[in-house]
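Indexing begins at 1, ligand by ligand and atom by atom, following the structure's order.
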Amino acid sequence: MPHNFHRELQTALTAVRQAAIVCRSVQSSITTESLAKKDKSPVTVADFASQAIVCRQLQIDFPNDPVIGEEGAAELKMPSGEEFLSRAVRECAAAGVNASPGEVCDWIDRGGASEYSPRFWTLDPIDGTKGFLRKEQYAISLALIIDGQIEIGVLGCPNMSFEGKPEGTGVLAWAVRGHGAWMQPLTAPDAAPVKIDVSTTSNAAELRFCESVESGHSSHDWSGLIASELGIHLEPIRMDSQCKYLAVARGDADLYLRLPTRKGYQEKIWDHAGGILVVLEAGGHVTDISGKSPDFRHGSSLAQNEGMVVTNGKSHAAVVIAVSKHAPADMA
Ligand code: AMP
Ligand code: MG
């Protein structure tokens with residue numbers, strides 16, 4: 001019988017809900033003017049505050065667990081980071097976490113582990129920074145990995161819709177290995193969790209596929225060739241962040257392709273771990289582009305994998321064959 005990790009799950013859900021409050025508050029302050037100026041400071045502030053809040057909760061409940069997070073506080077400790085730090089401190093306070101600048105930096109640095117260990121958490125405080133800035137999709141992703149296995153995956157998706165509720169209700173999705181995948185409206189911790197399952201689409205030509213908005217993160221040319229090969233007639237759903245994993249997990253899409261744009265790029269574990277377990281526990285299948293399982297035993301990178309193929313499990317093998325058949329010459 002798999003462990004149910006009840007305490008760890010409660011901590012992770014609380015932390016992600018609280019981080020989402022910060023992200024939403026900062027996102028709502030983005031103006032058309034700051035967008036036009038391509039001002040990236042809102043995402044920088046929210047990234048740091050989100051990591052501080054999640055790592056604080058992990059520090060309180062599991063002080064011995066290392067956290068491999070995307071951010072470090074080095075930038076904030078420099079004179080040029082002072083303004084960001086004081087804004088991050090203010091955002092934490094607005095979300096109910098009162099702390100000194102030093103404490104905020106310490107929490108952020110708690111997420112600075114990079115080496116593999118038998119038990120660790122991995123965190124992306126804001127996955128899909130471009131989506132965050134465009135006021136589109138982004139996610140807070142947290143996972144617990146033990147002996148290389150993802151045991152808990154949590155995705156906070158503040159701009160996803162929840163079952164007929166108004167747009168932007170937000171979704172909190174989670175999975176514990178062996179216990180299925182679940183979701184709730186993001187700000188309704190007492191709502192009954194809804195079980196999520198992948199779609200049953202089995203005809204490759206009918207697949208609804210999603211991919212990154214950014215062609216620099218996943219090759220759109222390559223996915224176009226794969227779609228033609230499989231006879232897919234629907235346009236791709238382009239979406240930022242691990243919300244794509246949630247889309248496949250709950251059957252909004254059947255396939256998520258992440259196709260390397262250059263040889264040698266190593267995917268980061270925090271861009272995948274939370275989402276992968278949610279899809280697996282919803283009944284889907286996840287491998288890299290050559291059909292290998294993602295290997296979380298190499299620190300902060302998926303050094304033994306390339307790209308990712310995420311499906312509802314029905315046509316996974318056919319998709320992997322099409323991916324390999326159309327691999328650009330410089331990727332082979
Ligand atoms: P997405 O929102 O799906 O486009 O993914 C966002 C993530 O892409 C970021 O968190 C980055 O870590 C990651 N990323 C950055 N550069 C690349 C790249 N060249 N290939 C794949 N992923 C990347
Ligand atoms: Mg990311």
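Using a 4.5 Å heavy-atom cutoff, the side chains of W270 and L123 are not in contact. With a 4.5 Å cut-off on side-chain heavy atoms, T122 and I150 do not count as touching. L13 places none of its side-chain heavy atoms less than 4.5 Å from the side chain of Q184.
Residue contacts with ligand 1: Y256 is placed with no nitrogen or oxygen under 3.5 Å of a nitrogen or oxygen of the ligand (distance criterion only). By the 3.5 Å distance cut-off applied to N or O atoms, E214 is not counted among the residues near ligand 1. Residue R258 has at least one nitrogen or oxygen atom sitting less than 3.5 Å from a nitrogen or oxygen atom of ligand 1, judged on distance alone. When only interatomic distances are considered, the shortest N/O to N/O separation between R262 and ligand 1 does not fall below 3.5 Å.
Tested against V319, the residues T287, L255, I289 include a single side-chain contact (heavy atoms from CB on, under 4.5 Å) partner, L255. Of the candidates E8, H6, R7, Q10 forms a side-chain contact (heavy atoms from CB on, under 4.5 Å) with just one, namely H6.
Protein heavy atom at the shortest distance from atom 16 (N) of ligand 1 is H217 CD2, 3.5 Å. Nearest protein heavy-atom neighbour of atom 1 (P) of ligand 1: S212 OG, 3.5 Å. For atom 19 (N) of ligand 1, the nearest protein heavy atom (residue, atom name, distance) is G216 O, 3.2 Å. In terms of protein heavy-atom proximity, atom 12 (O) of ligand 1 is closest to D271 OD2, 2.6 Å. Taking atom 3 (O) of ligand 1 as the reference point, the nearest protein heavy-atom neighbour is K244 NZ, 2.6 Å.
Under the 3.5 Å distance criterion, the side-chain polar atoms of N305 are matched with a main-chain donor or acceptor of D295. Of the possible donor and acceptor atoms, none in the side chain of D197 sits under 3.5 Å from a partner among the backbone N and O of G283. For the pair N159 (side chain) and Q137 (backbone), a donor-acceptor distance under 3.5 Å is absent. Although no hydrogens or angles enter the test, the distance criterion places no donor-acceptor pair under 3.5 Å between the side chain of K263 and the main chain of D330.
Atom NZ of K135 has more than 12 neighbouring heavy atoms from other residues, nucleotides or ligands inside a 6.0 Å radius.
Between M239 and ligand 1 there is no heavy-atom distance shorter than 4.0 Å. Heavy atoms of Q137 come nearer than 4.0 angstrom to ligand 1 in no pair at all.
Among the backbone and side-chain atoms of D124, an N/O/S atom is found under 2.8 Å from the Mg ion (ligand 2).
Relative to atom 17 (C) of ligand 1, the option among W270, F132, Y265 with the closest non-hydrogen atom is Y265. Looking at S219, G128, S241, it is S241 that brings a heavy atom closest to atom 2 (O) of ligand 1.
With a 4.0 Å cut-off on non-hydrogen atoms, V213 does not touch ligand 1 at all. Here D240 has heavy atoms under 4.0 Å from ligand 1 in both its backbone and its side chain. At a 4.0 Å heavy-atom cut-off, ligand 1 touches E267 through the side chain alone.
D271 contributes OD1 as its N, O or S atom closest to the Mg ion (ligand 2). Counting just the N/O/S atoms of D127, the one with the shortest distance to the Mg ion (ligand 2) is named OD1.
Inspection of the S41 and D39 side chains reveals an N or O donor paired with an N or O acceptor under 3.5 Å.
Using a 30° and 60° split on the angle between ring planes, F62 and W121 fall in the tilted class, from 30° to 60°.
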